[in-house]
Q: 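What follows is a structure written as C-alpha cells; I'll ask about it next.
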Amino acid sequence: MLKIAFVGWRGMVGSVLMGRMVEEKDFSGFEPTFFTTSNVGGKGPDIGLEIPPLKDAYDTKLLSSMDIVVTCQGGDYTKKVYPEMRKMGWQGYWIDSASALRMEDDSIIVLDPVNRAVIDRGLSTGIKTYVGGNCTVSLMLMALAGLYSHGLVEWISTMTYQAASGAGANNMKELASQMAVLGLVSKDLLDDPASTAIEIDALITKEIRKSSFPVEYFGVPLAASLIPWIDSAMPSGQTREEWKGSVESNKILQNEKIIPVDGICVRVGAMRCHSQAFAIKLNRDVPLDEIAEMIKNANEWVELVPNDKEPTLNRLTPAAVNGTLSVPVGRLRKMLMGPEYIAAFTCGDQLLWGAAEPIRRILKIIIQHLS
Ligand code: NAP
C-alpha cells in the first residue's frame with residue numbers, strides 16, 4: 001500500500017485540503033502519516049480513521065520511507081527538507097503548495113483542468129516534483145482556459161482585487177478586527193437616524209489613521225481602504241505577485257511562444273476570494289458569442305455570467321463565490337480599443353482553486369499513475 005506523508009495539514013491551505021479530501025472520501029487505498037514541525041506525538045486531524053500520533057516533519061529518514069510527501073507547510077520548510085531528501089537519493093513524489101520549487105526546471109506547476117497534458121507528460125518522463133501555482137494565476141487560467149486552448153490569446157492585462165487570506169491567517173483575522181473596530185466606533189452614529197454619511201466617514205477616517213488601529217500584519221488599514229502592493233519589489237518595477245502572472249502562466253501551459261500577462265495586483269477587503277478584471281488582446285477578431293462558448297465550455301467549474309446587472313451582482317462577487325469551487329466569468333464584452341480587445345471579470349476562492357484543490361487533485365492523479 002502506498003505510504004503518503006502529510007506536512008502542514010493544519011495551516012490554512014492544509015486544513016482546506018483536509019476538508020476537501022474528507023468531503024471527497026479521498027482517504028482510502030493508501031496509508032497516511034501526519035507530520036508536524038511543532039507538536040511531535042500530538043493528535044493528527046480528524047479524517048474519520050484511526051491514525052498514529054504526529055511524527056517529526058524534520059525526520060528526513062522517516063519521510064524518505066514515504067512514496068509521496070504532500071506539504072502545505074511553507075517555503076522555508078521546503079527549502080530545508082526537500083534538497084536534503086533528494087540528496088539522500090529519495091525518489092518519491094513531492095507535492096507542494098509553497099512557491100519555492102515552482103520555477104525549478106524539474107518541477108511542474110499543477111492545475112490539471114488546464115494543463116493535464118503537461119502533467120501526464122511529466123509523469124511519463126519521470127518528473128517527481130509537482131507544485132501548486134500562485135492563487136491569482138491559477139484562478140485566471142481556470143477562468144480563461146477556453147481562450148488559451150483555442151490559441152486566441154496575444155496578451156492579458158489583469159488588474160486584481162485580492163483577498164486578505166492570500167497574505168495568511170493572521171492577516172485575515174486582522175481584516176476582521178479592523179472591521180470590528182470600525183463597526184464599534186460608528187455604532188452610535190449608525191443608530192442615530194439623524195446622523196450623516198459625512199459624519200460617519202470623518203469618524204472612520206480618523207479611526208483608521210490612529211496609531212491604535214490594528215495594523216500589525218498589513219502595516220496599514222485594509223478595511224475602508226485598499227493596498228496596491230503585494231509581496232516584494234522586482235527589478236522590473238512589478239511586485240513579485242505581478243511578476244508571477246506571466247512566468248507562472250507560461251510555465252503552467254508550457255507555451256512555446258511567451259504570452260505576456262501583466263497588471264497591478266491590489267489587496268482589498270475580501271476574505272478569501274480573489275477577483276480580477278481582464279483586458280485581453282486576442283490575435284484575431286472573434287464574435288463575442290463564440291468567445292462566450294469557448295470560455296463556458298473550458299471546464300465544469302467555469303460559469304458564464306451574462307453581462308447584465310442582476311446576475312453580475314448576485315453571482316460575480318466574493319460574497320457569492322466564497323467557499324465554493326465555482327469560477328464565474330462575466331462582464332464579457334468587446335472593448336473600445338478594437339474588435340480583438342475583450343473585457344472580462346472573474347472571482348474565485350483562492351484557498352480552493354487557488355491553493356488546496358490543485359494539490360488534492362494532483363495527489364489523486366499520482367496515486368492513479370502509481371497503481
Ligand atoms: P499557515 O496557515 O501559516 O500554516 C503553515 C503551518 O504553520 C501549519 O501547517 C502549522 O505547522 C504552522 N502553524 C503555526 N501556528 C499555527 C496555527 N495557529 N494554526 C495553524 N497552523 C499553525 O500557511 P498557509 O497560508 O496554509 O500557507 C502554506 C503554504 O501554501 C505557503 O507556502 C503559502 O505561500 C502557500 N500558499 C498559500 C496560499 C494562501 O492563500 N494562504 C495560497 C497558495 C499557496 P505545524 O502543524 O507543523 O505547526
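None of the values given here were measured: they were computed from a predicted structure. Whatever order the structure lists ligands and atoms in, that order sets their numbers, starting from 1.
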Q: Does ligand 1 come near enough to Gln350 that some N or O of the ligand is less than 3.5 Å from an N or O of the residue?
A: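 Such a contact does occur with ligand 1.
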Q: Measure the distance from atom 34 (O) of ligand 1 to every protein heavy atom, then report the residue, atom name and distance (to 0.1 Å) of the closest one.
A: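 Ranking protein heavy atoms by distance from atom 34 (O) of ligand 1, first comes Ala98 CA, 4.7 Å.
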Q: Quick check for you: to the nearest 0.5 Å, what is the distance between Leu253 atom CG and Leu141 atom CG?
A: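 If I round to the nearest 0.5 Å, the distance is 5.0 Å.
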Q: Mind checking whether Trp94 and Trp90 have parallel, tilted or perpendicular rings, split at 30° and 60°?
A: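 Judged by the thresholds at 30° and 60°, the geometry between Trp94 and Trp90 is perpendicular.
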Q: Classify the side-chain pair Tyr82/Thr71 by whether it contains a donor and acceptor separated by less than 3.5 Å.
A: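 Checked: Tyr82/Thr71 side chains show no N/O donor-acceptor pair below 3.5 Å.
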Q: Provide, to 0.1 Å, the distance between atom 5 (C) of ligand 1 and the closest protein heavy atom, together with that atom's residue and name.
A: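 Result: Gln73 O, 3.6 Å.
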Q: Distance to 0.1 Å, residue and atom name: give those for the protein heavy atom nearest to atom 26 (O) of ligand 1.
A: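 Here the nearest protein heavy atom works out to Val13 N, 2.7 Å.
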Q: Could a heavy atom of Gly166 be found less than 4.0 Å from some atom of ligand 1?
A: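 Flag set, Gly166 near ligand 1.
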Q: Evaluate Ala169 for polar contact with ligand 1, using N/O atom pairs at a separation under 3.5 Å.
A: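 No - when backbone and side-chain N and O of Ala169 are compared with those of ligand 1, no distance drops under 3.5 Å.
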Q: Below 3.5 Å, N or O to N or O, backbone or side chain included: is there any such pair between Ser99 and ligand 1?
A: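 No, Ser99 has no N/O under 3.5 Å of an N/O on ligand 1.
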Q: Do Lys244 and Asp231 pass the side chain to side chain contact (heavy atoms under 4.5 Å, CB included) test, and can you show the C-alpha distance, the side-chain angles, and the key distance before you say yes or no?
A: CA-CA 11 Å; Lys244 287 175 179 174; Asp231 209 337; 4.1 Å; yes
Q: Taking only non-hydrogen atoms of Ala57, do any sit less than 4.0 angstrom from ligand 1?
A: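 The answer is no: ligand 1 sits nowhere under 4.0 Å from a heavy atom of Ala57.
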Q: Thr36 heavy atoms, cut-off 4.0 Å: which ligand 1 atoms fall inside?
A: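 Checking each atom against Thr36, I get 45 (P), 46 (O), 47 (O).
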Q: Starting from atom 29 (C) of ligand 1, find the nearest protein heavy-atom neighbour and note its residue, name and distance.
A: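 For this ligand atom, the closest protein heavy atom is Ser97 OG, 3.3 Å.
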Q: Do the rings of Trp301 and Trp353 sit parallel, tilted or perpendicular, given the 30° and 60° boundaries?
A: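 Aromatic pair Trp301/Trp353 classed perpendicular.
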Q: Between Thr136 and Gln276, does any side-chain donor sit less than 3.5 Å from a side-chain acceptor?
A: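 Not at all, the side chains of Thr136 and Gln276 share no donor-acceptor pair under 3.5 Å.
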Q: Measuring only between side-chain heavy atoms, which start at C-beta, is Ser64 closer than 4.5 Å to Glu84?
A: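 Side chain of Ser64 against side chain of Glu84, heavy atoms only: no contact under 4.5 Å found.
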Q: For a quick check under 3.5 Å, do Asn115 and Gln254 share a side-chain donor-acceptor pair by atom type?
A: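 Per modelled atom types, Asn115 and Gln254 side chains form no pair under 3.5 Å.
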Q: I'd like to check which ligand 1 atoms, numbered from 1 as shown, lie under 4.0 Å from a non-hydrogen atom of Cys72.
A: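 Those atoms are 28 (C), 29 (C).
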Q: Specify the protein heavy atom at minimum distance from atom 4 (O) of ligand 1: its residue, its atom name, and the distance to 0.1 Å.
A: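 Looking only at protein heavy atoms, the one closest to atom 4 (O) of ligand 1 is Gly11 CA, 3.2 Å.
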Q: Of the protein's non-hydrogen atoms, which lies at the shortest distance from atom 2 (O) of ligand 1, and what is that distance?
A: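 So the nearest neighbour among protein heavy atoms is Met12 N, 2.8 Å.
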Q: Compare Arg10, Arg102, Met172 and give the one whose heavy atom is closest to atom 20 (C) of ligand 1.
A: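 That would be Arg10.
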Q: Would you kindly confirm whether Leu147 and Met142 end up in one hydrophobic cluster when ILVMFWY residues are joined by side chain heavy atoms under 4.5 Å apart?
A: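 Cluster IDs for Leu147 and Met142 match.
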